[in-house]
Novice: 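There's a structure below that I have some questions on.
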Amino acid sequence: VHPTAARRPYPIVVQSEQTSYSDDFITAKFTNRGASVTVTDGQYLITPSFKQYEFQTARKVSKTGLMMVGWGGNNGSTLSATVLANRHNIVWHTKSGIQQPNYIGSMLRASTVRLGVDPSTGKDVFVPVADVLPMVHPNDLVFGGWDISGATLDQAMKRAEVLDWDLQRQVAPHMAALGKPLPSIYYPDFIAANQEARADNVIPGKDKQAHLERIRADIRRFKAENALDRVVIFWTANTERYSEIIPGVNDTADHLLASIKASHSEVSPSTVFAVAAILEGEPFVNGAPQNTFVPGVIELAERKKSFIGGDDLKSGQTKLKSVFAEFLVNAGIKPLSIASYNHLGNNDGHNLSAEPQFKSKEISKSSVVDDMVGANALLYKPPQEGPVKGTKAAKGEHPDHIVVIKYVPAVGDSKRAIDEYYSEIFCGGRSTINIFNECEDSLLATPLILDLTILTELLTRVKYRDVAGQQAEFSPLHPILSLLSYMLKAPLVKPGTDVINSLNRQRNALEAFLKACIGLEGSSDLLLETRLW
Ligand code: NAI
């Protein structure tokens, strides 16, 4: 039984002139406060700015399908099995007792937002993030997808060796009912040669235009057969090597479309999937580190106003780094080096043991401290202009940062991450902090895929208009969904804007945005009432 019907009604009412409700929409006015700053001769001239927007959120949650590319992998099979366990309320025995299914690790379903204070008790009131606006319940997602491996979903779950046997045993019939993934596009050059043995479910031929059309038809058929309003296409397949950016090939939307027609060798499978999703008007999220979003894809998404988000799930080591490096720099301590080692033994680790695929991951993991360093010119010399061009000084000071990944089959999905932070402290002192972090990789990644899918669906229902300006009609958000950054290692942002890596800032942005859509200010920790008489 698909429990779509038995969902709790949307629980929030904001009583204010800023917020109005109809059967179809929640509409809220919001003032975006900022400041413009001019710096002349060490003087800062600041002008506070105010801009009024109106947000309109469609209340009806779309019936949503999640089509995973790499459905038969560790993430894809673990996600399907755990959602099925939740949906069918399967409980299982472990050596420490009975385990209930849950959504721990989902920011939307297992973390809360502070709404305000209950005047009768003076205590803060919190709700799950997923209650702030109407959102899809993960149990209601309809699953589908592709894999170059033809294992059925129950076999794929067994192969992954992630879940307890008693859960596997009970969920296996439900997994078997999902059947096997659709055949996928396999261009051997893009993933490690060691993956060839599993490629027994591939779309024949080398004609990339035919592949694009086939994937588009798969999306359309899945949508129609399941009577869906929305399909999110999610890359959770192997990490590919980087695509070279070649003028005339993938630098513009038109060049890219022509290169697909010509079956150009630099067009990767993930780019073909992204283009298929964009042309179908369905959102595409990239959970792996490669540069799927070559400039031509970004231009096409903007042209078609079709949503994209990425790159690379931020589950373990990098998540910690985006908190820890910021903590050090914001405490006025200067990290001199960050040395990160990983070893893992799952198929992802096997694929990453090849140099070009490791390179994609290394790039994605490396940029995570850049914005924190750039925000503190007291600790790190900013880039110098003038005669130093091309030298280290021209790039600005930066901690030494290395990333190593090794494949150790014995540890399976249980990745080990070791990080050393070596920092300069007061008056020439040194501090060394080592962190050992054991990540059950797929169990950390699965809730992120769910959150990304659910947020993406929500963001397709939010529109805005500039109240004071000329903009009379509501428009959709910019196609690059940088609000997904919290769950992503190397966030893709609107061209020309800065990447925010800090986990706290990413969460604040998301919380503030969700609240703005119902006419509330973002959470302030000013708590003035606790500081005044
Ligand atoms: P996996 O190797 O178990 O699964 C990947 C699946 O993709 C395999 O079943 C493979 O057959 C399939 N595949 C490869 N090329 C394909 C293509 N062209 N079309 C369709 N299917 C294809 O890997 P896992 O652990 O599920 O991770 C998936 C991706 O997510 C990897 O790229 C990994 O780097 C990334 N990731 C995973 C994180 C985690 O914590 N598990 C964190 C960050 C990123």
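In each ligand, atom 1 is the first atom listed, and ligand 1 is the first ligand listed. When reading the values below, keep in mind they use all heavy atoms of this one structure, side chains included, and skip hydrogens, waters and symmetry mates.
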Novice: Looking at G70, which atoms of ligand 1 are within less than 4.0 Å of one of its heavy atoms?
Specialist: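 Those of ligand 1 that fall under 4.0 Å from G70 are 6 (C), 7 (O), 12 (C), 20 (C), 21 (N).
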
Novice: Heavy-atom distances under 4.0 Å are what count here, so tell me which part of F234 touches ligand 1: side chain, backbone, both or neither.
Specialist: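 It is neither part, as no heavy atom is under 4.0 Å.
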
Novice: Assess, by modelled atom type and distance only, whether the side chains of Q357 and N238 contain a donor and an acceptor separated by less than 3.5 Å.
Specialist: no

Novice: Please list the nearest protein heavy atom to atom 5 (C) of ligand 1 with its residue and the distance rounded to 0.1 Å.
Specialist: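 In this structure, atom 5 (C) of ligand 1 has N238 OD1, 3.1 Å as its nearest protein heavy atom.
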
Novice: Identify, by atom number and element, the atoms of ligand 1 in contact range of A445, meaning under 4.0 Å from any of its heavy atoms.
Specialist: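 Atoms satisfying the 4.0 Å criterion: 39 (C), 40 (O), 41 (N).
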
Novice: State whether the shortest distance between N or O atoms of K361 and N or O atoms of ligand 1 falls below 3.5 angstrom.
Specialist: yes

Novice: Among V69, L488, T78, N74, which residue places a heavy atom closest to atom 1 (P) of ligand 1?
Specialist: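 Considering heavy atoms of V69, L488, T78, N74, the nearest to atom 1 (P) of ligand 1 sits in N74.
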
Novice: Give the residue and atom name of whichever protein heavy atom lies nearest to atom 28 (C) of ligand 1, and the separation in Å to one decimal.
Specialist: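 Result for atom 28 (C) of ligand 1: T236 O, 3.1 Å.
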
Novice: To which protein heavy atom is atom 18 (N) of ligand 1 closest, and what is the distance rounded to 0.1 Å?
Specialist: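 The answer is I185 O, 2.8 Å.
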
Novice: Please tell me whether K365 and S340 have a donor and an acceptor in their side chains that are separated by less than 3.5 angstrom.
Specialist: no

Novice: Which pair of non-hydrogen atoms, one from I191 and one from T239, has the smallest distance, and what is that distance?
Specialist: CG2-O, 3.7 Å

Novice: Can a donor-acceptor pair be found, under 3.5 Å and without considering hydrogens, that links the side chain of K406 to the backbone of N342?
Specialist: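 Looks like no, no N/O pair under 3.5 Å.
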
Novice: Considering non-hydrogen atoms of the protein only, which is the closest contact for atom 42 (C) of ligand 1, and what is the distance?
Specialist: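 Going by distance alone, atom 42 (C) of ligand 1 is nearest to S315 OG, 3.5 Å.
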
Novice: Using distance alone, determine whether A237 and ligand 1 share an N or O pair under 3.5 Å.
Specialist: yes

Novice: Any donor-acceptor pair under 3.5 Å linking the side chain of S77 with the backbone of L153?
Specialist: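 A pair under 3.5 Å: no.
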
Novice: For the 3.5 Å polar cut-off, considering only N or O atoms, please tell me whether D441 and ligand 1 meet it.
Specialist: yes

Novice: With distance as the sole test, does E326 use its side chain to make a donor-acceptor pair with the main-chain N or O of L503 at under 3.5 Å?
Specialist: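 Answer holds: no.
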
Novice: Other residues, nucleotides and ligands only: do more than 12 of their heavy atoms fall within 6.0 Å of CZ on R416?
Specialist: yes

Novice: Would you sort out whether K361 and D312 count as a salt bridge (charged side-chain N to carboxylate O under 4.0 Å, His left out), showing the intermediate values?
Specialist: CA-CA 8 Å; K361 202 56 139 187; D312 204 8; 3.0 Å; yes

Novice: Counting both backbone and side chain atoms, is some N or O of F273 under 3.5 Å from an N or O of ligand 1?
Specialist: no

Novice: Pair up each side-chain donor or acceptor in residues 223-230 with any protein partner under 3.5 Å, not counting sequence neighbours, and list the distances.
Specialist:
{"residue": "K223", "atom": "NZ", "partner": "E282", "partner atom": "OE2", "Å": "2.6"}
{"residue": "N226", "atom": "ND2", "partner": "F222", "partner atom": "O", "Å": "3.0"}
{"residue": "D229", "atom": "OD2", "partner": "K63", "partner atom": "N", "Å": "2.5"}
{"residue": "R230", "atom": "NH1", "partner": "G281", "partner atom": "O", "Å": "3.3"}
{"residue": "R230", "atom": "NH1", "partner": "E282", "partner atom": "OE1", "Å": "2.8"}

Novice: Does ligand 1 have an atom under 4.0 Å from some heavy atom of K489?
Specialist: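 Yes; K489 lies near enough to ligand 1 that a heavy-atom distance drops under 4.0 Å.
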
Novice: Atoms of ligand 1 less than 4.0 Å from D312 heavy atoms?
Specialist: 43 (C), 44 (C)

Novice: Short list, please: which atoms of ligand 1 are under 4.0 Å from a heavy atom of W235?
Specialist: 18 (N)

Novice: Distance under 6.0 Å and angle within 45° of the ring axis: does K206 meet both against Y187?
Specialist: no

Novice: Let me have the donor-acceptor pairs involving side chains of residues 481-498, under 3.5 Å, with sequence neighbours excluded, atom names and distances please.
Specialist:
{"residue": "S485", "atom": "OG", "partner": "S482", "partner atom": "O", "Å": "2.5"}
{"residue": "K489", "atom": "NZ", "partner": "L313", "partner atom": "O", "Å": "3.0"}
{"residue": "T497", "atom": "OG1", "partner": "K494", "partner atom": "O", "Å": "2.6"}

Novice: Do N250 and I245 have side chains that get closer than 4.5 Å, going by heavy atoms?
Specialist: yes

Novice: Could you tell me if W71 and S80 have a donor-acceptor pair between their side chains, going purely by distance under 3.5 Å?
Specialist: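 W71 and S80 do have a side-chain donor-acceptor pair below 3.5 Å.
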
Novice: Would one find an N or O of N347, backbone or side chain, under 3.5 Å from an N or O of ligand 1?
Specialist: yes

Novice: To check your reading of the model: name the closest protein heavy atom to atom 8 (C) of ligand 1, its residue, and the distance in Å.
Specialist: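 Sorting protein heavy atoms by distance from atom 8 (C) of ligand 1 puts R198 NH2, 3.2 Å first.
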
Novice: Considering both backbone and side-chain atoms of D348, is one of its nitrogen or oxygen atoms within less than 3.5 Å of a nitrogen or oxygen in ligand 1?
Specialist: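 Between D348 and ligand 1, an N or O pair is found under 3.5 Å apart.
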
Novice: Mind checking whether K314 contacts ligand 1 via backbone (N, CA, C, O), side chain (CB onward), both or neither, at a 4.0 Å heavy-atom cut-off?
Specialist: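 For K314, no heavy atom sits under 4.0 Å from ligand 1.
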
Novice: For atom 10 (C) of ligand 1, which candidate among D200, D147, N75 provides the closest heavy atom?
Specialist: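 Selected option, by shortest heavy-atom distance: D147.
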
Novice: Using a 4.0 Å cutoff against the non-hydrogen atoms of A288, which atoms of ligand 1 qualify?
Specialist: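 Ligand 1 atoms under the 4.0 Å threshold to A288: 32 (O).
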
Novice: Pairs of nitrogen or oxygen atoms closer than 3.5 Å, one from G73 and one from ligand 1: do any exist?
Specialist: yes

Novice: Please list the nearest protein heavy atom to atom 43 (C) of ligand 1 with its residue and the distance rounded to 0.1 Å.
Specialist: L313 O, 3.1 Å

Novice: Taking T446 for its side chain and L443 for its backbone only, find out whether a donor-acceptor pair lies under 3.5 Å.
Specialist: no

Novice: Please say whether more than 12 non-hydrogen atoms of neighbouring residues, nucleotides or ligands are located less than 6.0 Å from CD in E299.
Specialist: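 Counting neighbours around CD of E299, more than 12 heavy atoms of other residues, nucleotides or ligands fall under 6.0 Å, so yes.
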
Novice: What atoms of ligand 1 come closer than 4.0 angstrom to any heavy atom of S184?
Specialist: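 Reading through ligand 1 atom by atom, the close ones are 17 (C), 19 (N), 20 (C).
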
Novice: When only distance counts, is T239 in polar contact with ligand 1, meaning an N/O pair under 3.5 Å?
Specialist: yes

Novice: Tell me: protein heavy atom nearest atom 15 (N) of ligand 1, and distance?
Specialist: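 That would be I148 CD1, 3.6 Å.
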
Novice: For G287, counting its heavy atoms only, list the atoms of ligand 1 lying under 4.0 Å from any of them.
Specialist: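 Selected atoms, number and element: 30 (O), 35 (C), 36 (N), 44 (C).
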
Novice: So F273 and F284, ring-ring contact (aromatic ring centres under 6.0 Å, His included) or not? Walk me through it.
Specialist: CA-CA 8 Å; F273 273 95; F284 180 91; 7.4 Å; no

Novice: At a 4.0 Å threshold, what atoms of ligand 1 neighbour a non-hydrogen atom of G72?
Specialist: 9 (O)

